[in-house]
Amino acid sequence: MLRFLLTRLAGAVAVLAIVAVLVFALTRLASGDPVALLLGDQATAADIAAARVQYGLDKPLPTQFVLWVGELLQGNLGQSLFLQRPVAQALLERAEPTLFLALFAVAIAALIGIPAGMAAAVWRGSAADQAVSSVAMLGASVPSFWLGLILIQFFAVKLGWFPASGYGDPTSPLHERLHHLLLPALVLGLLNSALIIRFTRASVLDILGEDYVRTARAKGLPERVIMVHHVLRNALVPIVTVLGLTLALMIGGTVVTETVFNLPGVGNLVVRAVLRRDYPVIQGTLLVIAAIYVFINLGIDFIYTLVDPRIRLESK
């Protein structure tokens with residue numbers, strides 16, 4: 001198993017190196033001068049030149065990249081041009097709502113998607129299967145901002161069960177802040193459950209046709225035992241994959257939902273950084289999101305070896 005994980009870890013490091021190059025290049029290719037935006041219209045050419053020297057933007061691009069990588073290797077993501085504080089600090093300030101939002105949404109998606117997908121597979125071709133499949137297709141087609149506005153109108157404005165926007169006072173108890181996340185998490189969970197339904201249904205259908213499932217039924221085992229111990233366990237590999245990828249995508253892809261619900265999360269931070277051309281924030285945030293994505297995939301590979309020991313044996 002150690003060799004298997006070390007191989008995956010080496011691949012993860014290589015991916016992050018490529019991401020670092022791409023992120024740096026793409027931020028520099030974007031139009032607009034961050035220093036000019038920072039100083040405003042009243043700044044003179046001399047002021048802009050002095051600021052570029054101060055922030056190291058006057059150096060050649062290869063030199064800037066080498067200096068940035070040197071800071072990364074020391075655990076420093078850089079200093080924000082506009083926020084005037086370390087990028088790592090800005091990310092930590094915005095991490096809580098995004099992280100809890102992603103976790104809540106994945107939990108809701110799994111609680112809806114796995115049972116619904118299994119039911120659709122067990123009753124394949126029935127009215128229940130058609131209904132679940134139709135709901136899944138609808139969920140994959142509905143825009144998140146539209147569903148968010150509908151839920152705000154019904155649950156927040158009409159019923160008053162949830163706050164319409166915001167994350168509450170930072171000094172308020174955690175459960176009050178988390179209450180603000182339930183509605184946006186429901187939006188993301190409902191939409192992402194569609195993908196989990198389809199994967200679960202397809203995976204369970206493959207397993208239901210295996211010989212050992214027919215043998216278990218021939219032995220007279222209860223259907224509940226067959227579904228949990230034989231079908232679901234063997235169908236977990238693709239389900240774990242889609243759950244892990246969904247979590248990774250949510251951490252970096254909640255921009256629209258955070259905007260609709262006015263949440264001070266990482267997505268909101270990235271949008272503002274792009275508008276301001278805040279290079280250190282853009283580079284640091286995208287690299288951290290990529291690292292989270294890569295290491296979630298590494299965690300999925302590790303879970304594979306626990307769910308299916310054959311993967312561990314094949315890697316030897």
Side-chain angles (χ1 to χ4, degrees), residues 2-3 5-41 43-96 98-99 245 248-249 251-255 265-301:
L2 181 60
R3 180 181 178 183
L5 293 177
L6 287 177
T7 302
R8 295 296 190 274
L9 184 60
V13 172
V15 169
L16 288 179
I18 295 172
V19 169
V21 174
L22 292 176
V23 165
F24 182 87
L26 291 175
T27 53
R28 294 309 191 276
L29 288 174
S31 61
D33 186 352
V35 174
L37 293 172
L38 176 65
L39 298 180
D41 297 334
T44 64
D47 294 334
I48 293 176
R52 291 182 65 84
V53 172
Q54 177 185 351
Y55 294 113
L57 297 176
D58 61 318
K59 296 180 175 62
L61 292 182
T63 303
Q64 292 184 39
F65 178 73
V66 171
L67 292 174
W68 179 54
V69 171
E71 291 181 350
L72 290 177
L73 294 177
Q74 299 176 27
N76 181 16
L77 294 176
Q79 184 85 4
S80 170
L81 303 179
F82 285 81
L83 301 177
Q84 295 301 311
R85 58 179 179 273
V87 174
Q89 180 184 343
L91 279 174
L92 286 174
E93 293 172 354
R94 303 294 190 100
E96 182 182 289
T98 297
L99 179 59
L245 294 179
L249 291 172
I251 290 176
T254 59
V255 176
V266 174
N268 208 318
L269 177 66
V270 173
V271 170
R272 294 189 179 186
V274 170
L275 294 176
R276 295 169 172 173
R277 305 297 187 272
D278 196 339
Y279 292 159
V281 174
I282 299 172
Q283 294 169 180
T285 304
L286 294 182
L287 190 61
V288 167
I289 291 174
I292 292 173
Y293 189 93
V294 167
F295 284 103
I296 285 178
N297 278 277
L298 187 63
I300 293 172
D301 290 339

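Quick note: numbers below take in every heavy atom, side chains included, and nothing from hydrogens, waters or symmetry partners. Numbers here are sequence positions counted from 1.
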List the residues meeting salt bridge (Lys or Arg N to Asp or Glu O under 4.0 Å) with Glu71, not counting sequence neighbours, and say none if there are none.
none
Among residues at least two apart in sequence or on other chains, which ones pass side chain to side chain donor-acceptor pair (under 3.5 Å) with Asn76?
none
Going by atom type alone, with no hydrogens or angles, which donor-acceptor pairs under 3.5 Å involve a side-chain atom of residues 282-295 and a protein atom two or more places apart or on another chain?
| from | atom 1 | to | atom 2 | distance (Å) |
| --- | --- | --- | --- | --- |
| Gln283 | OE1 | Thr27 | OG1 | 3.3 |
| Gln283 | OE1 | Arg28 | NH1 | 2.3 |
| Thr285 | OG1 | Val281 | O | 2.7 |

Atom CG of Leu83 and atom CG of Asp278: how far apart are they, to the nearest 0.5 Å?
6.0 Å
Set of salt bridge (Lys or Arg N to Asp or Glu O under 4.0 Å) partners for Arg85, sequence neighbours left out
Glu93
Distance-only donor-acceptor pairs under 3.5 Å for side chains of residues 12-26, two or more places apart:
none

Do the non-hydrogen side-chain atoms of Arg276 and Leu81 ever get within less than 4.5 Å of each other?
no
Inter-residue atom distance Phe82.CZ - Arg277.CZ, 0.5 Å rounding:
9.5 Å
Locate the shortest heavy-atom distance separating Arg94 from Arg272; write the atom from each residue and the value.
NH2-NH1, 4.3 Å
Donor-acceptor pair, side chain of Arg52 and main chain of Leu57, under 3.5 angstrom
yes
Qualifying residues under ring-ring contact (aromatic ring centres under 6.0 Å, His included), relative to Tyr279, sequence neighbours excluded
none
Is the shortest side-chain heavy-atom distance between Pro86 and Leu77 below 4.5 Å?
no
